[in-house]
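First listed ligand is number 1; within each ligand, the first listed atom is number 1.
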Amino acid sequence: MATVWIGLLVCACVCLRVTAQLPGFPVLLHHEEDEDEQPKEETPKPGSHEIEMQYMKIDCKVASRFAHTIMTSTALNKANTSQEVFFEVELPKTAFITNFSMEIEGKTYVGEVKGKEKAKKEYETAVSSGHTAGLVKASGRKMEKFSVSVNVAANSSVTFTLTYEELLQRRLGKYELMIRVKPKQLVQHFEIAASIYEPQGISFLDTNATFITNELLPLVEKTVTDKKAHVSFSPTLDQQRKCPDCDGTLIDGDFIITYDVNREQDLGNFQIVNGYFVHFFAPPDLQQLPKNVVFVIDRSGSMEGKKIQQTREALITILDDLYEEDHFGLIIFDDEIERWRPSLSKATKENIKEAKKYVKSIRARHMTDINGAVLNAVDMLNTAKRNNSLPDNSPSMIILLTDGDPTAGETNTAMIKKNVRNATDGNISLFCLGFGYDVHYGFLDVLAKQNNGLARRIYEASDAVLQLQGFYKEVASPLLLEVNLHYPDSIKNSITTNHFKQFFGGSEIVVAGQLNDTQADTLLVEVSAQMLDRTFTIQGQANAEESSDMFPEQEYIFGDFIEHLWAYLTIQQLLNKQDVCSPEECENVTAEALDLSLKYNFVTPLTSMVVIKPETNGASEDTLIADKLTEDERLDFAGQVSSPMLYSSRVHSSLLSSGLVGAKSHKALIAMAVDGDPHFIIELPDRNNNLCFNTDDKPGTIFNLVKDPDSGLVVNGKTIGDKKVKPGSKQHTYFGQFGIVHEKFSIKLMVTTEKIIIYKQDKEEHLHWSEASNVKDLNMELQIVKDHSLTVTLKDTIKFTIMLHKVWKLHPYHRDYLGFYTLDSHLLSKKVHGLLGQFFHGITFEVSDVFQGKDPDKPDAHMLVKGHSLTVTKGWQRDFRMDVEKGENVPCWFIHNNGMGLIDGVLEDYVVSSLFTTV
Ligand SMILES: *[C@@H]1O[C@H](CO)[C@@H](O)[C@H](O)[C@H]1NC(C)=O
Ligand SMILES: *[C@@H]1O[C@H](CO)[C@@H](O)[C@H](O)[C@H]1NC(C)=O
Ligand SMILES: *[C@@H]1O[C@H](CO)[C@@H](O)[C@H](O)[C@H]1NC(C)=O
Ligand SMILES: *[C@@H]1O[C@H](CO)[C@@H](O)[C@H](O)[C@H]1NC(C)=O
Ligand SMILES: *[C@@H]1O[C@H](CO)[C@@H](O)[C@H](O)[C@H]1NC(C)=O
Ligand SMILES: *[C@@H]1O[C@H](CO)[C@@H](O)[C@H](O)[C@H]1NC(C)=O
Ligand SMILES: *[C@@H]1O[C@H](CO)[C@@H](O)[C@H](O)[C@H]1NC(C)=O
């Protein structure tokens, strides 16, 4: 699937970028004030008339499923002052960015692909304030968003060009090319042009778009001849208008092309170009094999509500879709494992009816014993095989659906992987469906890959039933088993994966390789596989000359596309292999993937693209970095926020009732923090339901954060402001000093951004951030990591860390500040209170009715907490404990108005008169 989202946003204000950087020194994009902080009140204003979108073109060329897309945008600053122009594009997460350039004032700045480590190093030497803004972020289920901005001088223009490549995968009998377009304002010249060349011939081609109205429909031009298709869409300025007199644009959404190719030959199709070949194998008219499938369904407590309801609904249609000759089993599990029937059943009408009755009765209950459940399913399949009660050549598979981490039985994921691999012994394919965001997706992904299957994320949304059914359909019809594609030994080293455990109807096997010079014009191939009652074998010869005849029209070939296809496939497979290789193999696998990524200029998880942002209008050069996100990072960034669609209507969190928070031994599970301009984070065991609030105050205000009368512990914090307030921006404050008192131990400490002062009877001891040190006495231990953090352990009371955020000295606005994080608080008494302290007891709340808020990317919801009903917003907060420079994004429900309703009383109640006030 190819998705493009291209848009130019214009910052309506005149952004004079006074950035704190040394001239000519590569540095990070400066910290944007509100990035990832509390959801912004103001959304970017639609483009001012002073920035004219002159041109936007999406040019997509597909040759043999390999898509190469170039997106170009030109904007002119018609104002008499310089302005910031933003470029935002959404591209499919399966694509690799291959190039990016900006042309500004006659100069072109081209992104350079480098090894990730190397790029990071370059980047870090110049880091002054530790806040990164990567160019790529996850966006929704299928996409990534690339965004960059540049300051454009008066009366001059900028042209952005982004290129990416991807192999379209056949699913359910078709290829899909999706282009997301969101220009956000009218464009003088707008064009989408897609050219498709498929040597096998195009069997059908459809276009569709989410935004196309009846008026726009006739503007989609489509020409399909035997092997070629051309689709274009170029509405004029007036045709783009929402209404005759308005500036709003109709162009906003997805433009989708779906197609398939003819398949006449069993051997499939070969293409050889410039010494590389690709083999597409998807023989038509094969008889479906009976399969043996065990559905393993999680009914742990977290599945309660919509998820279990959707699972039941999906299972019922899936059961109906089973083929008469199939055998199936149902296992439901929480901490207990229950089989519907002790052994597999044939998919007869009667059995299906019984199974559906059982499915309807499934209810959510307790914990999650993934290990036990999967092993149980393996045993069920193996027993049936041993008893010869299954048809010959019928593949066995397990479809595991879970929404959480293993919490019962074996919970060590390494052990589970080992157990499962040993149990299946390569004979059973395991497909893992991770439902929602609490799943340990990385674990499921590896578990599936190690057992000839694959993992899929099922997004919590109203269409979850369709997602589940869609996935099932992809694996519902196995046609061939043990497919082996054999090529001459001389090219063995260059070919991509050529053995496939099974081939499913509607999909396609793709193998690519590099020919050996000495015999570059012919290629012998043999394919063997197992069918229901016989062996499938076929041999053939592909001829390079014929192949080159197949590409008479150069316009459809972008350079060496088969070579790129080969590199793309090889890198994807090597990256997958990284999850299952031994440490020695992994070294080679990673090195090889990195080499290829660099050679072909692909931005993969091993490389980064470094973009130098020009020096303009007083702002010095910036170095920006575009990274490919890993699946985990994608979740961190996109997670639930990317689209309100991704929500179930009820997010349930009653932590007390699940026993996680109420019990004293679990208290340490709650981490409290305050950092940034002050953001309070209450991190709960259920990571997706963390709570956050920000406070607005005047610099110099002192707040009580923790107060425990039993031990006489007090932690107070004093805020400081920015050096000056950016015009048009609000005053930001940060914690600049903390005062810590422990009356029982007669301890008094002050922590500032410069030093740590220990007050003793009549003298003071000063420690400096610039020196690592460790001070320990009977009741207290202080540990300073140079210029980074201070960890304080107060005996039998509390352990916490204060992080030092160092900002470049000459930064025009920001100054150094501090963050406070609790590490262990389980020994605090029941009486503990304070802005943070009150949450040590745990908190019960319920979130429901997620709906679209002011910010399209940040859904709102209703929260019931402490008897108040609040409107809260899903967003992100940074936790800097692990990484003081970049921080880690944690998802949060933001409570507005200084935490009103969540905190006891109001913010003013926590204001104290001095850092050492204890009453
Ligand atoms: C810039 O344009 C504004 C109106 O658009 C005008 O008021 C101002 O005088 C202009 N400044 C210069 C330096 O030309
Ligand atoms: C990237 O784009 C620039 C500018 O268009 C071009 O000069 C350069 O050759 C491209 N690089 C690659 C690797 O295609
Ligand atoms: C802008 O540039 C054009 C040509 O590049 C020139 O004719 C025009 O006078 C310029 N306008 C201003 C306001 O500088
Ligand atoms: C086009 O897309 C819309 C919305 O996604 C969908 O409802 C409609 O059925 C699609 N039409 C075709 C012909 O696929
Ligand atoms: C591996 O599986 C076999 C049965 O297939 C079992 O007997 C053996 O104990 C298992 N080994 C481990 C280490 O789990
Ligand atoms: C090409 O084939 C010859 C003979 O089989 C072999 O010795 C050589 O290593 C091969 N070269 C490559 C690049 O695979
Ligand atoms: C790793 O690569 C080196 C050199 O390419 C090779 O000699 C070695 O056998 C490889 N190791 C493994 C485990 O594949």
- request: Name the orientation class of the two ring planes belonging to Y487 and F270 (parallel below 30°, tilted from 30 to 60°, perpendicular beyond 60°).
  value: perpendicular
query: Residues two or more places apart in sequence or in another chain: which of them pass side-chain contact (heavy atoms from CB on, under 4.5 Å) with N576?
result: K449
- prompt: So, do H68 and F561 have ring centers that fall under 6.0 Å from each other?
  reply: no
query: Under a 4.0 Å heavy-atom cut-off, what residues line ligand 2?
result: N99, S101, V110, N601
task: Start with the C-alpha distance between Y600 and Y568, add both sets of side-chain angles, then the distance that settles ring pair (Phe, Tyr, Trp, His ring centres under 6.0 Å), and finish with yes or no.
output: CA-CA 9 Å; Y600 291 94; Y568 175 96; over 10 Å; no
message: Are V152 and S82 packed together at the side-chain level, in the sense that at least one heavy-atom pair is separated by less than 4.5 angstrom?
response: no
query: Quick one: are the ring centres of F96 and Y164 less than 6.0 Å apart?
result: no
